[in-house]
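Note sheet for the following structure.
All values below come from the heavy atoms of this structure, side chains included, with hydrogens, waters and symmetry mates left out. Naming: A, B, ... by sequence-line order, numbering from 1 per chain. Note that the structure is a prediction, hence the values are computed from the model and not measured.
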Amino acid sequence: MSDIKNENKPFEPRIVAFFCNWCTYTAADLAGTARMTYAPNARVVRIMCSGRLDPQFVLTALREGADGVLIGGCHPGDCHYMEGNYKTYRRFVLLRRLLETMGIEKERVRMEWIAASEGDRVQKVMNEMAGDLRRLGPLHLEPEAIDLHAALHGEIKPMIQEVAR
Amino acid sequence: MSKPKVGFYWCAACGGCEESVVDLAAGILDVVNAVDIVFWPVALDFKREDVEKMQDNEMAVCFINGAIRSSEQGEMVALLRKKAGLVIAFGSCSHLGGIPGLANLYNKEQVMKTAYKDTVTTVNESNTYPVESYKAPEGNLTLPSLWNTVKTLDQVIDVDYYIPGCPPPSSLLADAVNTILQGKLPAKGSVLAPDTALCHECPRKASKPEKVAIKEFKRPHEIIIDEEKCLLSQGLLCLGSATRSGCGWVCINGNMPCTGCMGPISRVHDHGTKALSAIASLTASNDEAEIAAILDKIVDPAGTFFRYSLPASLLHRKYEAPKEGGK
Amino acid sequence: MKREILIDPITRLEGHGKIDIFLNDKGDVERAYLQIPELRGFEKFAEGRPAEDMPQITSRICGVCPTAHHMAATKALDDLYRVDPPPAAKKVRELVYNLFFVEDHALHFFFLGGPDFVVGPTAPKAERNILGVLGKVGLEVGKEVIGLRKEIRDLIILAAGKVIHPVFGLPGGISKPIKKEDQQKYIAGAEHAVKFAEFSLQVFNDIVLKNKQYVDWILSDTYTHKTYYMGMVDKNNKINFYDGDIRVVDPSGKEYVKFKPQDYHKHVAEHVEPWSYIKFCYLKGIGWKGFEDGPDSGVYAVAPLARLNASDGMATPKAQAAYEQFYKTLGGKPVHHTLANHWARLIEMLYAAERCVELAKDPEIVSPNVRTIPKEIPVEGIGIVEAPRGTLFHHYKTDERGVVTAANLIVATQNNAARIAMSVDKAARGVIKDGKVDDGLLNMVEMGFRAYDPCHGCATHALPGQMPLMVRIFDKNHRMLKELRRD
Ligand code: SF4
Ligand code: SF4
Ligand code: SF4
Ligand code: FES
């Protein structure tokens with residue numbers, strides 16, 4: 001996957017999409033079979049209900065190299081498990097506020113209600129999001145563990161600098 | 001058979017973890033009788049050189065508290081890793097980054113500028129900042145350099161076990177030492193504390209409704225807190241449902257909500273995100289505008305849910321887009 | 001030949017520190033620098049946090065004096081929300097705070113600073129620790145120290161939830177009242193503390209004051225600095241740790257200024273040096289004149305000796321008697337001898353214990369009314385207490401939701417930083433002559449700061465015993481000639 005972030009090629013953002021089986025996933029399928037073209041940047045993960053989405057999945061996706069995360073669920077009132085999409089929406093609202101504090105631009109994590117019939121909407125959202133992310137550029141999260149060698153040998157910039165007096 | 005050798009060391013810490021060891025009070029004598037403490041800079045006269053002279057794995061176990069944020073600390077823990085059979089991260093700072101890990105919401109320049117320039121009583125017209133190497137008239141003076149990002153111990157070296165808490169309850173330390181002495185070690189990477197959520201053990205559990213529904217989040221200073229009732233059901237951000245038990249629910253006894261110092265249970269990877277998720281889903285509304293209004297009452301999601309675990313979180317620190325921008 | 005001696009790390013104090021001593025060609029001290037290699041940035045990351053979380057967040061500055069940070073922050077919240085806690089809440093806070101003073105001063109005297117005196121400053125280093133102290137005063141006393149500290153700390157837990165990082169402080173009061181059935185425990189603990197404090201003073205009297213050499217050390221010029229002194233006083237100018245105005249006296253003991261906590265920034269300023277992470281406080285009205293003592297330099301001191309000097313006495317009878325004896329013995333007010341801090345600390349311990357008895361017996365201490373709910377829109381709040389190690393300032397600005405936008409924290413040791421740096425320098429000059437350096441002498445240099453019980457950046461905490469004292473000698477080209485250590 002590192003090829004996408006290869007400096008020599010133009011940047012193509014990677015989107016991880018968590019789509020509810022009953023609505024958005026079907027819509028995406030529809031868009032595919034109807035040959036609606038949309039940005040080919042997404043890796044779609046099918047979940048049985050948007051309510052299954054643990055916010056940890058979102059952050060894991062970003063940690064593992066996604067530049068943005070799209071969550072798709074049934075329209076309010078249409079969730080097959082009654083409350084699943086509301087639950088996710090509540091989490092999403094707070095998560096997005098958290099991400100803002102953490103310096104992650106709000107365009108990088110997006111939630112949409114898309115019914116099974118709305119293949120065109122999948123196309124539109126995907127294209128929009130890919131455009132936003134192209135503008136923002138890749139997400140470079142700090143690596144998981146420290147490179148101790150680099151840290152010990154001063155390759156990681158120390159905190160103190162000489163200051164002109 | 002000779003007694004197992006044990007070491008203690010501390011990095012960026014507040015000293016509370018050390019106090020917690022002292023709070024073993026009489027129990028500390030049992031520990032001292034059962035093991036041979038070969039390194040404990042705060043209490044004993046052994047030094048780095050003695051550690052360097054040790055065989056690899058000569059220490060049976062080394063307890064390390066405090067977060068890691070300087071090359072000096074990185075070097076020391078790397079050395080201890082070599083010399084110790086087992087390394088145990090002791091306390092929230094070492095386990096998850098701890099409260100000093102909130103510094104990861106800012107960068108080093110911001111921290112320095114606030115401390116040495118912006119604070120109201122600081123007078124610093126000449127823009128003097130502490131420097132790593134300063135030529136005083138009499139000679140050269142050096143200061144250690146600090147990293148931009150506060151790290152957990154296991155982001156710097158391999159860690160075998162964790163003892164959570166800010167500070168960890170003394171009883172967990174005593175239990176851990178016994179476990180090690182008896183050789184009944186759990187799987188590597190285990191947290192040596194009960195693996196249940198605090199809510200399950202909480203004395204107020206009975207008053208926690210089956211399904212908590214929150215119409216309005218409350219901040220502790222806004223209400224008279226009922227001493228009997230579940231704090232979450234009173235609208236307070238009690239993190240007991242996402243936090244590991246084992247502390248003796250001391251904050252609850254103090255009639256204040258749990259802020260999560262014991263970290264998550266084993267099935268959770270990112271404590272703060274899990275706690276955020278658990279709390280947000282209790283919002284008693286299905287209306288988008290109302291949901292947003294209710295959740296707006298949580299004024300500081302990052303500092304509330306990641307109070308002790310920002311460096312260990314999936315994001316580690318505040319993200320700063322590279323200067324040149326995306327290509 | 002020019003030499004450098006490095007004492008790293010210095011031991012038996014809270015926090016990290018390092019002493020660099022530069023010798024001149026003759027082997028006399030040119031200058032000794034005390035450096036603090038710590039910075040954790042609490043002032044920055046307080047920004048963005050809800051103000052009511054400050055008492056718990058700032059307590060993590062120090063696990064040895066978390067109660068002081070917790071209390072200063074809580075008082076700053078009262079001020080921030082312009083809310084006056086009910087009398088019972090103030091009394092419980094003051095009770096917890098004085099209990100904390102008792103156990104903390106006991107910790108310092110018996111574990112950290114006491115060994116220098118009780119065992120003797122030049123005693124072999126293996127004895128210069130709590131074990132040595134126990135050898136002198138008996139194992140029973142050791143058990144008593146541990147037992148008393150445990151009893152007091154359990155009482156703090158009962159009221160404050162946790163002893164290391166309390167949770168009970170809220171703007172307008174405390175999270176829960178003390179129960180009627182627990183009152184007796186507090187009275188018993190407080191009375192025990194009074195006996196313990198009297199005993200500790202007796203130990204000091206027998207072991208230190210009856211030993212002419214120790215007294216000479218206390219009085220010697222090496223450990224003397226004539227600076228300003230700062231401390232919190234009540235309306236009668238008696239010492240109070242929890243609440244009051246800040247009084248500053250000049251080196252002759254005359255009142256220089258007395259100000260309300262809210263005016264602190266008009267009187268206190270901080271200076272930055274490139275060679276230490278700690279900032280150096282001085283009196284704004286006089287200005288920063290470098291590391292100098294005397295009335296023309298803004299350098300001032302805090303902590304026990306400074307508090308005694310800045311007050312007109314103690315508000316409880318037994319402590320008042322001890323206060324009078326202190327000045328009678330040491331030749332009148334003010335006392336400038338740094339090492340007298342150890343004695344002053346015990347007098348304060350007695351006051352704190354007596355004050356605990358008064359408060360524990362007060363019928364109102366168990367009143368259920370411990371909260372006033374804040375109503376005002378928050379803007380700015382300042383809270384000051386006397387920490388065991390000196391005046392502690394917390395200052396927050398917030399937005400209208402009570403989220404911190406700026407914080408200023410001046411910890412006790414910063415107030416003392418300039419004088420401590422001077423003490424170390426002067427002690428080094430006093431005890432190191434002609435390049436003759438041994439372990440006892442180096443320890444005496446360390447005593448120059450340990451008397452203040454400094455809590456540097458309140459970072460780590462050294463327990464009984466010692467770390468190796470490392471002395472490296474360099475030639476003027478910074479080539480290491482020799483390495484000495486205590487062992
Ligand atoms: S875990 Fe808590 S008690 Fe331990 S060093 Fe960190 S802040 Fe202090
Ligand atoms: S939410 Fe808090 S108060 Fe309620 S049961 Fe859980 S830990 Fe106890
Ligand atoms: S109640 Fe929560 S914050 Fe308090 S000690 Fe226990 S785990 Fe830590
Ligand atoms: S089933 Fe589609 S969101 Fe729940």
Requested in this report: Name the member of N85(A), L62(A), T101(A), T88(A) that forms the most heavy-atom pairs with chain B at distances under 4.5 Å.
Outcome: T101(A)
Query raised in the report: Can you find a heavy atom in the side chain of T283(B) that is under 4.5 Å from one in the side chain of K87(A)?
Result: no
Query raised in the report: Which atom pair, heavy atoms only, marks the closest approach of R97(A) to L295(B)?
Result: NH1-O, 2.7 Å
Requested in this report: Using non-hydrogen atoms and a 4.5 Å limit, figure out which bit of S285(B) sits close to chain A: side chain, backbone, both or neither.
Outcome: backbone
**Report entry** Pairs of heavy atoms under 4.5 Å with chain A: top-ranked of I68(B), T273(B), N104(B)
**Finding:** T273(B)
**Report entry** Note, Y89(A) side chain near N286(B) side chain (heavy atom, < 4.5 Å)
**Finding:** no
Can you give each donor-acceptor pair under 3.5 Å made by side-chain atoms of residues 68-82 of chain A, sequence neighbours left out, with the distance rounded to 0.1 Å?
residue: H75(A); atom: NE2; partner: W113(A); partner atom: O; Å: 3.4
residue: H75(A); atom: NE2; partner: E118(A); partner atom: OE1; Å: 2.8
residue: Y81(A); atom: OH; partner: W22(A); partner atom: NE1; Å: 3.4

Query raised in the report: Going by distance alone, is a donor N or O of one side chain under 3.5 Å from an acceptor N or O of the other, for S281(B) and R90(A)?
Result: no
**Report entry** Y319(B) side chain vs H140(A) backbone, donor-acceptor pair below 3.5 Å
**Finding:** yes
Report task. Considering only heavy atoms and a distance below 4.5 Å, find which of D296(B), T152(B), I279(B) pairs most often with chain A. Result -> D296(B)
**Report entry** Heavy-atom check, side chain of D270(B) versus side chain of T60(A), under 4.5 Å
**Finding:** no
Report task. Provide the closest heavy-atom pair for L105(B) versus M102(A) in the form atom of the first, atom of the second, distance. Result -> CD2-SD, 3.6 Å
